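Since the model is a prediction, treat every value here as computed from it, not as a measurement. Sequential numbering from 1 along the given sequence is applied to the chain's residues.
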Amino acid sequence: MFDNFLIRKDSLENETDANGNIVGFKFAARNANYRGVYLSLHNGYYIKVDGIQYKRDVQTFEINGRAPRTFEEIKTAVWEHWDYDDEGIIHVKKEGGLEPGKHTIEFQQSVLAAYGYLPTDEEWVKCPPEPGTGAGSDKTKNIVTYELELQK
């Protein structure tokens with residue numbers, strides 16, 4: 001049920017660089033786990049916008065007042081916590097960004113473990129699962145579809 005509220009509906013925006021060039025888009029997301037998670041367990045997202053998938057290598061994540069980080073950087077943040085109601089900002093590199101108007105976003109969070117030891121823990125630390133496969137999906141078992149309008 002909470003899956004339907006992971007993305008803030010009015011948060012989809014294009015991003016520009018220092019020269020004013022549109023270099024991607026971003027949106028706000030919440031953690032699906034009511035206990036929150038240590039940031040190092042956060043493995044990225046399955047993101048498909050208007051039929052185009054944006055894998056983890058073009059995603060960065062901004063949380064706790066820190067600059068956007070890659071998921072390789074985040075996996076070393078073992079003492080940093082992402083609380084349940086705190087919004088994080090997902091940044092996606094895409095030259096030219098998104099066109100004005102409404103966009104269909106398919107979305108799933110990947111969090112490696114939230115409740116202690118699982119048989120997959122050691123394997124996933126060495127080789128994290130690909131977001132969207134269901135492995136590591138924690139509280140977001142299904143890919144959820146949102147329709148968001150680009151704000152700027």
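Residues Asn31 and Asp86 form no side-chain contact, since every pair of their non-hydrogen atoms from C-beta on lies 4.5 Å or further apart. Looking at Val49 and Phe25, their side chains come closer than 4.5 Å, going by heavy atoms from C-beta outward. At least one side-chain heavy atom of Thr104 sits less than 4.5 Å from a side-chain heavy atom of Thr145. At least one side-chain heavy atom of Leu39 sits less than 4.5 Å from a side-chain heavy atom of Ile63. At a threshold of 4.5 Å between non-hydrogen side-chain atoms, the residues His103 and Glu147 do not count as touching. The shortest side-chain heavy-atom distance between Thr76 and Val78 does not fall under the 4.5 Å cut-off.
Smallest separation of non-hydrogen atoms from Ser11 and Ala28: OG-N, 2.9 Å. The minimum heavy-atom distance linking Ile143 with Glu106 is given by the pair CG2-CB, 3.8 Å. Of all the heavy atoms in Arg69 and Ala77, the pair that sits closest is NH1-CB, 4.1 Å. Across all non-hydrogen atoms, the minimal contact from Phe71 to Phe61 is CZ-CB, 3.7 Å. Contact detail for Pro68 and Thr60: the closest heavy-atom pair is CB-OG1, 3.6 Å.
No donor-acceptor distance shorter than 3.5 angstrom exists from the side chain of Glu80 to the backbone of Ser40, with no hydrogens or angles considered. The backbone N or O of Tyr46 sits nowhere less than 3.5 Å from a side-chain atom of Tyr54 that would complete a donor-acceptor pair. One N or O on the side chain of Asp17 and one on the backbone of Gly20 form a donor-acceptor pair closer than 3.5 Å.
Under the 4.5 Å side-chain heavy-atom criterion for ILVMFWY residues, no single connected hydrophobic cluster contains both Phe27 and Val23. Both Val58 and Leu98 belong to a single network of hydrophobic side chains, linked directly or stepwise wherever heavy atoms of I, L, V, M, F, W or Y lie under 4.5 Å apart. Clustering ILVMFWY residues whenever any of their side-chain heavy atoms sit less than 4.5 angstrom apart, transitively, puts Ile22 in a cluster other than the one holding Leu12. If you chain together hydrophobic residues whose side chains sit under 4.5 Å apart, Ile52 and Val144 fall into the same group. At a threshold of 4.5 Å between side-chain heavy atoms, the hydrophobic network of Ile, Leu, Val, Met, Phe, Trp and Tyr places Phe107 and Ile89 in two separate groups.
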**Message:** For Tyr146 and Leu6: C-alpha separation, side-chain torsions, deciding distance, then whether side chain to side chain contact (heavy atoms under 4.5 Å, CB included) applies.
**Reply:** CA-CA 10 Å; Tyr146 297 83; Leu6 291 177; 3.3 Å; yes
**Request:** Check the pair Gln109 / Asn43 against side chain to side chain contact (heavy atoms under 4.5 Å, CB included), numbers first and verdict last.
**Result:** CA-CA 8 Å; Gln109 254 176 15; Asn43 185 46; over 6 Å; no
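For Lys94, the NZ atom sits in a packed shell: over 12 heavy atoms of surrounding residues, nucleotides or ligands are nearer than 6.0 Å. No more than 12 heavy-atom neighbours from other residues, nucleotides or ligands sit within 6.0 angstrom of CD on Glu95.
Between the side chains of Gln151 and Asp10, no donor N or O sits under 3.5 Å from an acceptor N or O. Counted by atom type alone, His42 and Tyr45 present one or more donor-acceptor pairs between their side chains at under 3.5 Å. For the 3.5 Å distance criterion, the side chains of Gln59 and His91 fail to qualify, holding no donor opposite an acceptor.
Not a single salt bridge (charged side-chain N to carboxylate O under 4.0 Å, His left out) links Glu62 to another residue, sequence neighbours left out.
A salt bridge is absent between Glu149 and Lys9: the closest approach of a Lys/Arg side-chain nitrogen to an acidic carboxylate oxygen does not fall below 4.0 angstrom. For the pair Asp85 and Arg30, the salt-bridge criterion is met [side-chain N within less than 4.0 Å of a carboxylate O].
Expressed to the nearest 0.5 Å, how far CG of Asp50 lies from NZ of Lys102 amounts to 12.5 Å. Put simply, NZ on Lys26 and NZ on Lys93 are 15.5 Å apart, with the number rounded to the nearest 0.5 Å.
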